[in-house]
K.L.:
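Handing you a structure now.
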Amino acid sequence: MTLVAITVFWVSVGVLAYAYAGFPMLLGLAAAIRPRRVQRAPVTPTLTLIIAAYNEEACIGERLANAVRADYPPENLEIIVASDGSSDDTERIVREFGHGVRLLALPRRGKLAALVDAAREACGSILVFSDANSIVAPDALRMLARNFADPTVGGVVAHTAYRGADAGESSGRGEAMYWEYDTWLKQLESMTGSVVSAHGGLYAIRRELFQVPADSAVTDDFIISTSVVAHGRRLVFEPAARAWELPVATAQREFARRIRLMTRGMRGVWLRRSLLNPMRHGVYAAVLLTHKVVRRLLFIPLVAILVATVYLARHSVPFAVLAAGQAAFYGLAALGFAMRSTDAGRLRPLYVPFFYCMANAAAAVAFVRFIRGERIVSWQPQRHTSHA
């Protein structure tokens, strides 16, 4: 039994070491051996900016004002708001906004269905997708567009970050920190060929590559952006195309959001499982497997390490020390949760363990729901301004 516990411990440690250290190292090595650069040029193809909205009265006006201020030739820019059955003043605000913004007032069917309808109505050769609560830099569209001068590029992912991380509970700081790490990984992934997928804040793809499965119980940005890779084109990262969002104000809503996104995301990976074939997709297959499967299942080795060290602590002083260290870490996480609304809770030693444990707990719940075959089609945006 002791040998089994030791084996479980070291295998689990190896999985964690690969996910957090080995994977970035392999990306860096692959990028150094065969860097895949983008041949950028100042082109301005026709763009259709598509914004999906459901009850976004609190932010849609600001988003549209931001959109029409874009530093992009107005004759080459179309803006469509796809309202997924909004029941508040979202549609009225869009209708009265003017400036050539088009409203698609659709029945409530889910975000992906709304984006599909908007894509059918689009006139641009490039489809640009953005969330209703995103604020985009004036030159972001130009920065996205310049990548399409390279014929191997089929899609471009913007540099999305969080603003106002201190406005809500300490989970906002954890989310902002996570996205800094994720942005660093995207830069490495892009140098190997393609990033794993887009973030809904801002990304663009060639119109002819927009193909999604009939199953709408998936994460829209993942399933849309990975169609680029499925067609043999590159999905690249553009660090100069900046967009910002507000993090979710409370840990409870952030937890629910992560469960929803990861449940739908796991289903999306299953539908795109052909991309996991390294014979066809090379390095990208390893990137997808690690980023969207291994990292979302890390709660398994974390639990295994805890159980193994507690068992082995009775026979070994080093394992007793490791067990005590884990107890201290999870104790800090619990304290961070309890103090998440206080100034003390925003201290790094508290919010980092708290956010890390919350994210892995959400992944565990999402995995169970995915295995049970639960489908989540409707969406309820978890905005900072929402009090629902």
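Just so you know, residue 1 is the first one in the sequence shown, and it goes up from there. Below, each value reflects all heavy atoms present in this structure, side chains not excepted, and no hydrogens, waters or symmetry copies. What you are looking at is a predicted structure, and each value in this text was computed from that prediction instead of being measured.
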K.L.:
Under a plain distance cut-off of 3.5 Å, with no hydrogens placed, do Ser125 and Arg207 share a side-chain donor-acceptor pair?
P.N.:
no
K.L.:
Any luck finding a side-chain donor-acceptor pair between Thr290 and Tyr18 under 3.5 Å?
P.N.:
yes
K.L.:
On the 0 to 90° scale, with breaks at 30° and 60°, tag the Phe367-Phe370 ring pair as parallel, tilted or perpendicular.
P.N.:
tilted
K.L.:
Are Arg92 and Glu57 within salt-bridge range, i.e. N to O under 4.0 Å?
P.N.:
no
K.L.:
Will you find, in the side chains of Thr263 and Glu374, an N or O donor that is under 3.5 Å from an N or O acceptor?
P.N.:
no
K.L.:
Do the charged groups of Lys186 and Glu189 touch, with an N to O distance under 4.0 Å?
P.N.:
no
K.L.:
Using a strict cut-off of less than 4.0 Å between a Lys/Arg side-chain nitrogen and an Asp/Glu carboxylate oxygen, indicate whether Arg40 and Glu238 qualify as a salt bridge.
P.N.:
yes
K.L.:
Roughly how far apart are Ile305 CD1 and Trp10 CH2, rounded to 0.5 Å?
P.N.:
9.5 Å
K.L.:
When the ring planes of Trp179 and His199 are compared, do they come out parallel, tilted or perpendicular, using 30° and 60° as the limits?
P.N.:
perpendicular
K.L.:
Tell me whether the guanidinium CZ or amine NZ of Arg108 lies under 6.0 angstrom from the six-membered ring centre of Tyr54 and within 45° of its axis.
P.N.:
yes
K.L.:
Between Asp139 and Arg142, does any side-chain N to carboxylate O distance fall below 4.0 Å?
P.N.:
no
K.L.:
Starting at OG1 of Thr48, measure out to CZ of Arg102 and round the result to the nearest 0.5 Å.
P.N.:
8.0 Å
K.L.:
Could you tell me if Ser134 and Glu245 have a donor-acceptor pair between their side chains, going purely by distance under 3.5 Å?
P.N.:
yes
